[in-house]
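Read through the structure below, which is laid out as structure tokens, and then see the notes.
Values reported hereafter were calculated over all heavy atoms of this structure, with side chains retained and with hydrogens, waters and symmetry mates removed. Chain A is the first sequence line, chain B the second, and so forth, proteins listed ahead of strands; every chain is numbered from 1. The structure presented is a predicted model; accordingly, all values stated were derived computationally and were not measured.
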Protein chains: 2
Amino acid sequence: MNDQLFHPHSLKVTCSNCSLRELCLPVGLSREELSQLDAVIRQSRRLKRGEYLFRSGEGFRSLFAVRTGFFKTSVASQDGREQVTGFHMSGELMGLDGISANVHGCDAIALEDSEVCELPFSRMESLGREIPSLQHHFYRLMSREIVRDQSVMLLLGNMKAEERLAAFLLNLSSRLSSRGFSANDFILRMSREEIGSFLGLKLETVSRTLSKFAQQGWLSVDHKHIKLEQPEALKALVSGCSQAPSV
Amino acid sequence: MNDQLFHPHSLKVTCSNCSLRELCLPVGLSREELSQLDAVIRQSRRLKRGEYLFRSGEGFRSLFAVRTGFFKTSVASQDGREQVTGFHMSGELMGLDGISANVHGCDAIALEDSEVCELPFSRMESLGREIPSLQHHFYRLMSREIVRDQSVMLLLGNMKAEERLAAFLLNLSSRLSSRGFSANDFILRMSREEIGSFLGLKLETVSRTLSKFAQQGWLSVDHKHIKLEQPEALKALVSGCSQAPSV
DNA sequence: CGGGAGATTGATAGGAATCAAGCAACGTGG
DNA sequence: CCACGTTGCTTGATTCCTATCAATCTCCCG
């Protein structure tokens, strides 16, 4: 029989034993500090594909770290236009935009069945006062988000369709690779339309550009399955443009 | 004679007596807390028009708050393409992107003779541990920057030239207005090319679009001098798009 | 006064959006 | 298990917006 049925606590995932710890948390925390975190962080809320983690306008209480799965965040304009502001995989934090007004500024939607940790912000804030490295870590995470946004601005402001898509694929590739997945063979979790929204393109343009890349032998596309055959060719396309951030 | 020549200290501007305090700092600080800040914040570095406050790649030590004047921040790609990531006026903070890697991620350049306060970050960080409202204030400032960046993404990803320029002018207008300047009559501190870089447009398009607005009677343009004659018309253009943030 | 940077305006070209049609995969229900 | 409708994707034809190329023009500054 399954032990887990008898000792459900043995299943409990804590920060202390989380394999993503080095992505979410500062290094060098003491055992004591880790258990303080474990006491505050609510583990493993599960979401099904398509489910909202939070919506723009909802009260902000917590940040969320992706444990497993895949999310998109997006802002919508009154007339219904949607701008995807990011895609988020394991170890990445969502909700930072909610701190400023105590209200979430974007929607966060699971693109596959997913699991998140909830970080109640005000308690993290007080904990940060006791654990300086934690405080610093949060400043760094927010700063990294700002840097990421700047590189998206560069992409949207300066690059043409081919460059945008190449940069996007390479960025995905590098983030997957740093999580132990294959860098050159992966499944897109999002639709062409969502890619287009993120890149400031229409879905037809995304589709056409993928086909063009495939035709040149740079990659192969089978629906959502992407194989990068000549990542160097893609890199050459975006070379000169600022590099995609690696996390 | 001028008193200031004899009592230069009477000129010293501190956070305690700074008129921009409500923009830079949390409200409700005690006299004691303010003097702690005064001890840390280095007042009034002066820059001439065109001067760099910091450059991308330089070591990061401090944040900078604009006291007077006007700045642009920009990121550059290897092949020389420049993306202006923001314009900054009094009370606004620059350098937040440097925290993540301890290196400045963008250039900051004065667009007119300017004055900034320097906030040594690590000392602000420790001060934040003693003054929770200060710590929270910094989180909020960074979050606000993220929200701002998201709205720029929406602008670059979804809007067309006229909408971008209208949103830009209204955003400037509202920020100037909240600082006590006229909302409908102001001087552009940046060139057409810099506006274009920020908005993802070429300078010719900026110029043409301004002319178009003027021709419709929505505003008048005299070089850098802009008068909004029918701000409602501009608002109508961007209505449906997400509103420009007010600070 | 002259040179040059910045801005305006015009003509043309090019890239992505739009409109449209057809296809493939998936899930549901008969 | 298969028909069928739905959804997402691909591909083609055309249009539209903005970039590009080019010619002036104005103002500022030395």
Side-chain angles (χ1 to χ4, degrees), chain A residues 48-50 72 79-84 109 111-113 155-169 187-216 219-226 237 241, chain B residues 48-50 70 72 79-84 109 111-113 155-169 187-216 219-227 237 241:
Chain A
K48 280 182 291 200
R49 179 178 168 188
K72 71 167 175 181
D79 61 351
R81 284 187 275 191
E82 182 196 40
Q83 173 73 31
V84 171
I109 300 169
L111 294 183
E112 58 180 359
D113 294 356
L155 180 144
L156 293 172
N158 276 303
M159 293 165 67
K160 27 182 113 272
E162 293 191 3
E163 299 171 318
R164 294 183 198 191
L165 193 62
F168 170 74
L169 291 171
I187 306 291
L188 297 175
R189 254 60 228 219
M190 70 297 282
S191 70
R192 304 288 192 266
E193 185 166 20
E194 287 161 336
I195 297 174
S197 170
F198 181 59
L199 297 178
L201 302 170
K202 292 297 163 186
L203 71 97
E204 294 96 326
T205 305
V206 173
S207 181
R208 266 185 251 276
T209 309
L210 275 178
S211 303
K212 201 181 297 177
F213 287 170
Q215 206 175 342
Q216 311 224 241
L219 48 75
S220 59
V221 188
D222 177 27
H223 302 281
K224 306 231 167 195
H225 182 182
I226 303 284
L237 249 190
C241 311
Chain B
K48 278 180 293 200
R49 179 179 168 186
F70 203 84
K72 71 168 175 181
D79 62 349
R81 283 186 276 191
E82 181 195 43
Q83 173 72 33
V84 171
I109 301 169
L111 294 183
E112 57 179 3
D113 293 357
L155 179 144
L156 292 172
N158 276 303
M159 293 165 66
K160 28 182 114 274
E162 292 190 4
E163 299 170 318
R164 294 184 197 190
L165 193 61
F168 169 74
L169 292 171
I187 305 291
L188 296 175
R189 253 61 228 218
M190 70 297 281
S191 71
R192 303 290 192 264
E193 186 165 20
E194 286 161 337
I195 297 173
S197 170
F198 180 59
L199 297 178
L201 302 170
K202 293 294 164 187
L203 72 97
E204 294 95 326
T205 305
V206 173
S207 180
R208 266 186 252 277
T209 308
L210 275 177
S211 302
K212 202 181 298 177
F213 287 171
Q215 205 174 342
Q216 310 223 242
L219 50 73
S220 59
V221 188
D222 177 27
H223 301 281
K224 307 234 168 195
H225 182 183
I226 302 283
K227 266 190 202 172
L237 248 190
C241 311

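From B:Ile187, atom CD1 reaches atom NE2 of B:His225 across 5.0 Å, with rounding to the nearest 0.5 Å. Rounding to the nearest 0.5 Å gives a distance of 11.5 Å between NZ of B:Lys212 and OG of B:Ser207. Atom NZ in A:Lys224 sits 7.0 Å away from atom CZ in A:Arg192 (nearest 0.5 Å). Summarising the geometry, atom CD1 belonging to A:Ile195 is positioned 10.5 Å from atom CZ belonging to A:Phe198; distances are rounded to the nearest 0.5 Å. Rounded to the nearest 0.5 Å, atoms CD (B:Glu163) and CZ (A:Arg81) are 4.5 Å apart.
One can place CD1 of A:Ile195 at 13 Å from P of D:dG8, the figure rounded to the nearest angstrom. Going from atom CD1 of B:Ile187 over to atom P of D:dC28 covers 12 Å, rounded to whole Å. What separates CZ of A:Arg49 from P of C:dC26 is a distance of 11 Å, to the nearest Å. Atom C1' of nucleotide D:dC27 and atom CG of B:Leu188 are separated by 16 Å, given to the nearest angstrom.
One axis for each end of the helix from C:dC1-D:dG30 to C:dG30-D:dC1, each built from five base pairs, and the angle between them comes to 40° at 10° resolution.
Side chains of B:Glu194 and B:Leu203 form no contact here, defined as non-hydrogen atoms less than 4.5 Å apart.
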Going 5' to 3' through nucleotides 4-22 of chain C, assign each nucleotide B (protein heavy atom under 4.0 Å from a base atom), S (under 4.0 Å only from sugar-phosphate atoms) or - (no protein heavy atom that close). ---SBBBB----SSBB---

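Contacts of B:Arg189 classified as side-chain hydrogen bond (donor to acceptor under 3.5 Å, both in side chains), with partners at least two apart in sequence or in another chain: B:Glu112.
With hydrogens and angles disregarded, a donor-acceptor distance shorter than 3.5 Å links the side chain of A:Thr209 to the backbone of A:Thr205.
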